[in-house]
Amino acid sequence: MAVTKKQDGSMKKDKGAGKELVKKDNRKEVAKKNAAANKPALVDRARTFFRGVTNELKKVHWPNRRETMIYTAVVLVSVVFVAVLIWVFDIILGSAMGMLIK
């Protein structure tokens, strides 16, 4: 008798869980249908996108000629500095390896 009561109790929980899953699935389907119905057309979305791009480009600070020259000089000096640094380390490590091999 006691065993049958436990089985009945577990069966009730399973039935209830199945109903909840069905309800959630129906809600998702309804939400998807509503979202698809409220979605704007492709042309409207493209227009909104390009309007946003235009507004963002207005916020960009474009450097003038003088600033561009300065930034270019900084990059070139940095590249030359790193190249010289690598060249010096290559010479030092190469001579050290040569001494170890002899």
Side-chain angles (χ1 to χ4, degrees):
M1 293 295 283
V3 174
T4 55
K5 287 183 180 178
K6 287 183 180 178
Q7 289 178 350
D8 291 338
S10 64
M11 294 292 285
K12 289 180 181 177
K13 289 181 182 177
D14 291 338
K15 288 181 180 178
K19 289 180 181 178
E20 290 177 4
L21 290 176
V22 171
K23 288 181 182 178
K24 288 181 182 178
D25 289 337
N26 286 338
R27 289 179 187 166
K28 288 181 181 178
E29 290 177 6
V30 170
K32 285 181 182 179
K33 288 179 183 177
N34 288 338
N38 294 333
K39 193 174 184 179
L42 180 65
V43 175
D44 292 335
R45 287 185 288 155
R47 186 178 300 149
T48 304
F49 172 75
F50 284 112
R51 191 174 298 144
V53 168
T54 304
N55 288 335
E56 289 298 322
L57 284 176
K58 288 178 183 177
K59 296 176 186 176
V60 173
H61 170 71
W62 297 100
N64 58 18
R65 184 179 175 93
R66 184 176 178 269
E67 290 173 339
T68 304
M69 295 295 286
I70 291 171
Y71 296 154
T72 303
V74 168
V75 169
L76 290 176
V77 168
S78 300
V79 167
V80 169
F81 176 74
V82 170
V84 168
L85 193 65
I86 290 172
W87 178 65
V88 169
F89 279 118
D90 184 48
I91 288 175
I92 292 171
L93 292 176
S95 62
M97 290 299 290
M99 292 173 67
L100 288 175
I101 291 174
K102 288 183 182 179

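A quick note: this is a predicted structure, and the numbers were derived from the prediction, not measured.
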Would a 4.5 Å heavy-atom cut-off, applied to side chains only, mark Val60 and Glu56 as touching?
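Counting from C-beta outward, Val60 and Glu56 never come under 4.5 Å.
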For Val75 and Tyr71, what are the C-alpha separation, side-chain angles and deciding distance, and is it a side chain to side chain contact (heavy atoms under 4.5 Å, CB included)?
CA-CA 6 Å; Val75 169; Tyr71 296 154; 5.6 Å; no
Glu67 side chain to Asn64 backbone, donor-acceptor under 3.5 Å
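Flag set: sc Glu67 to bb Asn64 pair under 3.5 Å.
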From [X] atom [atom1] to [Y] atom [atom2], the distance as rounded to the nearest 0.5 Å:
X: Ile101; Y: Met97; atom1: CD1; atom2: CE; answer: 5.0 Å
X: Leu57; Y: Trp62; atom1: CG; atom2: CH2; answer: 6.5 Å
X: Thr54; Y: Phe49; atom1: OG1; atom2: CZ; answer: 9.5 Å

ILVMFWY network linking Ile91 to Ile86, side-chain heavy atoms under 4.5 angstrom:
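Different clusters: Ile91 never reaches Ile86 through Ile, Leu, Val, Met, Phe, Trp or Tyr contacts under 4.5 Å.
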Are Leu85 and Val77 grouped together when hydrophobic residues (ILVMFWY) are joined by side-chain heavy atoms under 4.5 angstrom apart?
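Per the 4.5 Å side-chain linkage, Leu85 and Val77 are not co-clustered.
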